[in-house]
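Each chain gets a letter, A, B and so on, in the order the sequences are listed, and its residues count up from 1.
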Number of protein chains: 2
Amino acid sequence: MTTEQNLDLSVIASRLESLEETIINKLIDRIQFCVNSPIYQIGSSGFEDAENESLFDLRIRHQEEMDALFGRFCVPEERPFSGEIPRARRKITLPPTGLHLDNLNIINVTQDIKRAYLTLIPRICRPGEDGHFGSSVEHDVYILQAVARRIHFGSLYVAESKFRGEPQSYSRMIRDKDSEGLMRMLTRKEVEEKIIERVAEKVISIQALVNRKLRNILEPETVIDFYRETVIPLTKKGEVLYLLNRQV
Amino acid sequence: MTTEQNLDLSVIASRLESLEETIINKLIDRIQFCVNSPIYQIGSSGFEDAENESLFDLRIRHQEEMDALFGRFCVPEERPFSGEIPRARRKITLPPTGLHLDNLNIINVTQDIKRAYLTLIPRICRPGEDGHFGSSVEHDVYILQAVARRIHFGSLYVAESKFRGEPQSYSRMIRDKDSEGLMRMLTRKEVEEKIIERVAEKVISIQALVNRKLRNILEPETVIDFYRETVIPLTKKGEVLYLLNRQV
């Protein structure tokens with residue numbers, strides 16, 4: 001794909017749309033287990049020599065350390081939740097991205113994602129504990145990664161694409177450090193509503209044939225709220241961040 | 001859950017049924033990428049100091065080393081593909097399983113699973129390369145784990161449950177080391193056909209609302225074949241292995 005295609009707004013929208021299935025499927029996997037709140041508590045991990053981390057945080061760190069070796073964080077939209085990660089042990093060659101940013105980690109909203117996710121869990125999982133702590137954190141991390149990919153991909157590429165559509169207006173606001181103006185300018189309410197409607201339809205359709213005696217069901221309402229309160233606003237926050245830090 | 005419930009054949013069947021969605025969803029994630037054959041070739045991993053492993057094998061090993069720390073392989077149905085794995089760094093307490101086997105790794109058909117999976121890939125993924133090598137092996141490993149869980153869970157618990165239903169007939173065949181007799185006795189053709197039919201329906205239903213311009217579609221026929229040629233036969237192979245090694 002050329003840089004021009006990369007930054008075509010319809011191509012970017014397709015990629016964002018295709019990530020919806022991934023997020024929904026991973027949420028469905030997670031809700032087969034209870035909330036299992038000890039996994040989120042520091043000192044309850046059961047891990048040797050890890051009194052200062054929850055099992056959840058330990059899993060994020062171990063997963064990201066492994067993924068870093070394989071080169072995950074060389075990809076612009078893959079931003080890590082952990083502060084320090086090892087360098088890649090593979091040579092990664094990426095096609096030109098068309099982005100104007102040297103230090104991609106300036107656009108990293110993972111801590112916001114993590115906070116929002118922790119409030120989502122009790123809304124989608126059955127309360128209590130089932131003992132499947134290892135499986136629960138495993139799926140937590142896959143969801144965080146899928147959500148972070150969606151949000152950062154949008155933040156970077158949607159913002160760059162919109163900038164190229166109206167360089168003069170955006171440049172003026174960037175020069176004036178006008179965050180609110182930028183937010184207003186890049187917001188497309190009708191697109192947001194279309195995304196939310198489509199996500200809700202997918203949540204229902206994907207689970208249409210599920211045996212409800214065996215499987216817990218993901219309610220479309222909670223996913224709608226998560227998109228409305230977290231995915232979309234954090235993508236826009238990332239877009240504004242990108243624009244304010246865009247290198248000329 | 002008590003040991004008795006654990007070994008109730010309808011409870012076991014429910015668990016196996018519930019793992020179908022997981023396998024299907026993970027296959028759908030993988031086929032969004034091309035075959036990317038270099039990931040399966042030794043010497044093409046691009047990894048420093050890893051000339052003797054493919055990227056696929058490296059990813060399996062790294063994933064399992066991490067999972068082992070978190071205690072995955074303390075669970076009977078979670079059998080590793082790698083030969084040597086570190087011991088768990090968490091204390092894992094499992095409820096009594098009702099299984100009669102000390103060394104669970106006697107029932108490990110992972111190498112058969114891996115071989116079968118490698119022949120599945122060119123049948124479900126578009127040919128060629130798209131450069132997404134890291135994502136492809138990541139999803140490969142999640143599929144292998146889900147398939148192995150399904151097969152080993154069936155091998156262990158279905159076999160123990162069937163044994164308890166007819167202890168005398170099974171004991172005689174075990175004493176005679178009559179593998180073929182055991183295979184005949186535990187085979188339920190009508191159950192196998194029902195599973196295959198249900199899996200095909202799920203593959204269609206899960207993808208009903210998918211935008212075919214953006215997403216690659218998993219064909220039910222290939223999943224039917226994979227169940228018919230791999231998942232079901234390897235589960236039965238594991239059941240026979242379990243019975244032959246069952247401790248009195």
Nearest heavy-atom contact between A:L209 and B:K202 is CD1-N, 4.3 Å
Check whether any side-chain N or O of B:R215 sits under 3.5 Å from a backbone N or O of A:S18 as a donor-acceptor pair, and report yes or no. yes
Discussion item. Does A:E190, at its CD atom, have more than 12 non-hydrogen atoms belonging to other residues, nucleotides or ligands within less than 6.0 Å?
Written reply: yes
Measure up the A:H62 and B:F70 rings against each other and bin them: parallel (under 30°), tilted (30 to 60°), perpendicular (over 60°). perpendicular
Check: Between A:R89 and B:D49, does a side chain to side chain contact (heavy atoms under 4.5 Å, CB included) hold up when you go through it step by step?
Finding: CA-CA 9 Å; A:R89 275 185 59 199; B:D49 314 319; 4.3 Å; yes
Scored by heavy-atom pairs under 4.5 Å with chain A, the best of B:Q32, B:K213, B:E138 is B:E138
Whatever's closer than 4.5 Å to a heavy atom in chain B on A:T93 counts as neither
So, the part of A:D67 with a heavy atom under 4.5 Å from chain B: the answer is both
Under 4.5 Å to a heavy atom of chain A? For B:E78 that would be neither
So, the part of A:L94 with a heavy atom under 4.5 Å from chain B: the answer is neither
Heaviest contributor of heavy-atom pairs below 4.5 Å to chain B, chosen from A:E201, A:Q63, A:Q207, is A:Q63
Exactly one of A:I28, A:D29, A:V210 clears side-chain contact (heavy atoms from CB on, under 4.5 Å) with B:E21, and that residue is A:V210
Is any side-chain heavy atom of B:I92 closer than 4.5 Å to one of A:F133?
no
Cut-off 4.5 Å, heavy atoms of chain A, and the answer for B:R59 is both
When the 4.5 angstrom heavy-atom criterion is applied to B:I204 and chain A, the contacting part is neither
dist B:S14:OG -> A:N211:CG (nearest 0.5 Å) comes out at 7.5 Å
Note: B:R87 and A:E48 closest approach over all heavy atoms is NH2-OE2, 3.1 Å
Given A:K91, A:K26, A:R72, A:R198, the one with more heavy-atom pairs under 4.5 angstrom with chain B than any other is A:R72
Decide if atom CG of A:N103 counts as having more than 12 heavy atoms of other residues, nucleotides or ligands within a radius under 6.0 Å.
yes
To the nearest 0.5 Å, atom CD1 of A:I206 lies from atom CG of B:N25 at 7.0 Å
